[in-house]
Amino acid sequence: AQSVTQLDSQVPVFEEAPVELRCNYSSSVSVYLFWYVQYPNQGLQLLLKYLSGSTLVKGINGFEAEFNKSQTSFHLRKPSVHISDTAEYFCAVRRGSSNTGKLIFGQGTTLQVKP
Amino acid sequence: NAGVTQTPKFQVLKTGQSMTLQCAQDMNHNSMYWYRQDPGMGLRLIYYSASEGTTDKGEVPNGYNVSRLNKREFSLRLESAAPSQTSVYFCASSTSDREGRQPQHFGDGTRLSIL
């Protein structure tokens with residue numbers, strides 16, 4: 001069975017500092033990986049996705065993530081955060097051969113950007 | 001751009017009452033999903049519909065029923081609400097493809113409290 005673990009429930013960081021949100025997954029088959037962001041009282045928005053090819057994926061709002069197959073990780077990074085990046089971030093995995101589109105989500109990481 | 005629309009946005013019920021959460025998408029997507037979001041648990045799949053006319057159970061289907069009314073609409077029904085069903089409910093949709101590569105698009109959620 002697949003599972004996703006987000007290693008930090010909360011990450012406080014000062015504005016303009018770099019940040020990394022960690023995500024590890026378990027799967028014995030190929031997977032597709034996604035990061036979503038949820039702003040307060042809103043639904044989830046796609047930040048970026050890894051399907052195949054280059055292991056470094058760039059997304060919206062200056063975020064990027066690196067797929068590491070040997071470490072089964074897909075960590076999200078941003079070199080300089082803004083106050084507006086304060087939100088909850090979810091890592092999700094989908095089995096590569098799935099035709100149902102079912103996603104397995106991690107528990108979420110709350111990014112708190114302080115001035 | 002409406003995307004995925006959920007109604008109502010907020011609801012308070014008494015234990016034992018029933019209600020239906022509505023979801024509609026205008027993106028001509030084949031697949032639709034219902035999730036619940038609880039603190040520290042991420043999003044968990046309740047039911048999904050891979051295409052019009054089909055529905056399947058997800059991780060946490062007990063206490064819920066769904067109807068895929070047509071391609072646009074996918075409703076979630078609580079027949080006899082319980083306090084454990086207090087949660088934020090999200091509907092999502094995606095294009096179907098054999099490889100499951102397409103991201104899901106989310107509504108803004110329904111915040112449901114069961115007293």
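Basis for what follows: all heavy atoms, side chains included, without hydrogens, waters or symmetry-related copies. Below, read A as the first sequence line, B as the second, and so on, with proteins coming before strands; counting in each chain starts at 1.
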Please report the closest heavy-atom contact between A/Lys49 and B/Pro103, naming both atoms and the distance. NZ-CD, 3.7 Å

Considering only residues two or more places apart or on different chains, which pairs with a residue in residues 4-87 of chain B satisfy disulfide bond (SG atoms under 2.5 Å apart)? B/Cys23-B/Cys91

Would A/Phe63 and A/Leu33 show up in the same hydrophobic cluster when neighbours are defined by side-chain heavy atoms closer than 4.5 Å? yes

Measuring from atom CZ of B/Arg44 to atom CD of A/Gln107, what distance do you get when rounded to the nearest 0.5 angstrom? 11.0 Å

Applying a strict under-4.5 Å side-chain criterion to I, L, V, M, F, W and Y, I'd like to know whether B/Tyr64 and B/Tyr33 cluster together. no

Which atoms of A/Leu46 are under 4.5 Å from chain B, going by heavy atoms: the side chain, the backbone, both sets, or neither? side chain

If you link I, L, V, M, F, W and Y whenever their side-chain heavy atoms are under 4.5 Å apart, who else ends up in the same group as A/Leu7? none

Please rank A/Asn41, A/Thr110, A/Leu44, A/Val4 by heavy-atom pairs under 4.5 Å with chain B and give me the top one. A/Leu44

Quick one: does A/Tyr36's side chain have a donor or acceptor within less than 3.5 Å of a partner on B/Phe106's backbone? no

Should A/Val13 and A/Ile83 be counted in the same cluster of Ile, Leu, Val, Met, Phe, Trp and Tyr side chains packed under 4.5 Å apart? yes

Select one option (side chain, backbone, both, neither) describing which atoms of A/Glu88 are under 4.5 Å from chain B's heavy atoms. side chain

Is A/Ile60 reachable from A/Phe67 through a run of I, L, V, M, F, W or Y residues, each pair having side-chain heavy atoms under 4.5 Å apart? yes

Going by the rule side-chain hydrogen bond (donor to acceptor under 3.5 Å, both in side chains), which residues pair with B/Ser75 if we only count those two or more places apart in sequence or in a different chain? none

Heavy-atom contacts under 4.5 Å, residues 107-115 of chain B to chain A: B/Gly107, B/Asp108, B/Arg111

For A/Tyr39, does the OH atom have more than 12 heavy-atom neighbours from other residues, nucleotides or ligands under 6.0 Å away? yes

Are B/Val4 and B/Phe90 grouped together when hydrophobic residues (ILVMFWY) are joined by side-chain heavy atoms under 4.5 angstrom apart? no

How close do B/Tyr35 and A/Leu103 get, heavy atom to heavy atom, and via which atoms? OH-CB, 3.8 Å

Is there side-chain contact between B/Gln37 and A/Gln38, with heavy atoms separated by less than 4.5 Å? yes

Chain A contact via B/Leu43 - side chain, backbone, both or neither, heavy atoms under 4.5 Å: both

